[in-house]
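Atoms within each ligand, like the ligands themselves, are counted from 1 in listed order.
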Amino acid sequence: MRPCVIAANWKMHLDSSGAQALARDVRQHMEREPANAAQVILCPPFPFLGIVKTAIEGSGIGLGAQNMHTAPSGAFTGEVAAPMLQAMGCGWVILGHSERRQYFGEDDAHINAKVHTAVQHGLTPIVCVGETLEQRELGVTEQVIEAQVRGVLAGLAPDNVAKLILAYEPVWAIGTGKTATPAQAQEVHALIRALVGLLHGSTAADALVIQYGGSVKADNAAELFAQADVDGGLVGGASLDASAFAAIIHAAGATL
Ligand code: PEP
């Protein structure tokens with residue numbers, strides 16, 4: 001049985017006291033549900049990694065970053081490297097989010113280079129793929145997802161594919177309040193798992209955690225996470241609201 005993993009993408013929101021309070025609230029919620037076996041990961045902005053690390057220490061909640069550079073060090077002003085994230089206590093890093101693709105020109109080859117660097121430095125990448133509204137309406141979702149999955153996972157050993165997380169995030173559902181229906185999500189998740197099976201073998205495909213992301217909320221989480229190939233969620237807006245996020249974590253725990 002695969003784990004159910006809920007990652008909170010706080011994006012460029014909050015201030016330091018807000019980040020600390022939110023991390024403490026999530027911790028308190030987890031302590032109220034000791035039997036909840038979902039893996040929860042908080043991905044704050046870089047400057048708040050230390051504050052959040054302290055707030056969640058010893059709780060079982062994971063710490064993740066929202067991005068990193070391809071190189072392990074070097075003259076790249078303003079960038080952050082994998083070993084730095086590791087040293088800050090991060091176990092995970094979101095890579096290839098659609099906002100990185102859209103606003104910072106990241107393509108599959110660049111994201112693939114980051115995935116390799118993350119794996120080499122002991123970080124679990126949460127690698128995002130997803131089609132735009134235009135692509136869905138043109139009926140090319142399957143081709144788009146296939147090209148992205150092939151590209152971002154290129155050259156990885158099956159063992160490494162088995163351990164990473166893929167997040168299916170239809171771009172039209174991110175921050176829009178529009179959610180893929182559970183059937184739409186399941187269809188694409190199943191397609192991704194079958195493709196990973198073809199490319200990297202069935203053991204890796206069976207083990208691979210595939211999250212859904214795109215307006216996951218307290219009232220749609222349970223139905224989404226109940227789908228056979230949906231192994232949790234990457235949550236943006238609702239992860240900034242402690243009680244909404246608690247309800248999502250509760251829904252995740254109920255599927256296990
Ligand atoms: C995201 O940014 O990864 C995301 C899924 O955002 P939201 O939940 O707000 O749609």
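Which parts of ligand 1 touch Ser215 is read off a 4.0 Å heavy-atom cut-off, strictly below it: atoms 7 (P), 8 (O), 10 (O). Listed by number with element, the atoms of ligand 1 under 4.0 angstrom from any heavy atom of Ala173 are 10 (O). Under a 4.0 Å criterion applied to the non-hydrogen atoms of Gly175, ligand 1 contributes the atoms 7 (P), 9 (O), 10 (O).
Nearest protein neighbour of atom 1 (C) of ligand 1, counting heavy atoms only, is His97 NE2, 3.2 Å. With respect to atom 9 (O) of ligand 1, the closest heavy atom belonging to the protein is Gly237 N, 2.8 Å. Of the protein's non-hydrogen atoms, the one nearest atom 5 (C) of ligand 1 is Glu169 OE2, 3.1 Å.
Interatomic distance, Cys43 SG to Leu63 CG, rounded to the nearest 0.5 Å: 7.5 Å. The distance from the CG atom of Leu234 to the CD1 atom of Ile41 is 9.0 Å, given to the nearest 0.5 Å. Note that the CD atom of Gln39 and the CG atom of Asp231 stand 13.5 Å from one another [nearest 0.5 Å].
Where the criterion is an N or O separation shorter than 3.5 Å, residue side chain and backbone included, Glu99 fails it with respect to ligand 1. For ligand 1, one of its N or O atoms has an N or O atom of Gly236 under 3.5 Å away. Between Thr176 and ligand 1, not a single N/O pair is under 3.5 Å apart. Every N/O-N/O distance between Gly213 and ligand 1 stays at or above 3.5 Å.
Between the side chains of Glu134 and Trp172, not a single donor N or O lies within less than 3.5 Å of an accepting N or O. Side-chain atoms of Glu33 and His250 form a donor-acceptor pair, as typed in the model, at a separation below 3.5 Å.
Heavy atoms of Ser239 found under 4.0 angstrom from ligand 1: none, in either backbone or side chain. Contacts between Asn9 and ligand 1, counted as non-hydrogen atom pairs separated by less than 4.0 Å, involve the side chain only.
Side chain of Glu106 to main chain of Arg101: no donor-acceptor pair is present (N/O by atom type, distance under 3.5 Å, no hydrogens or angles).
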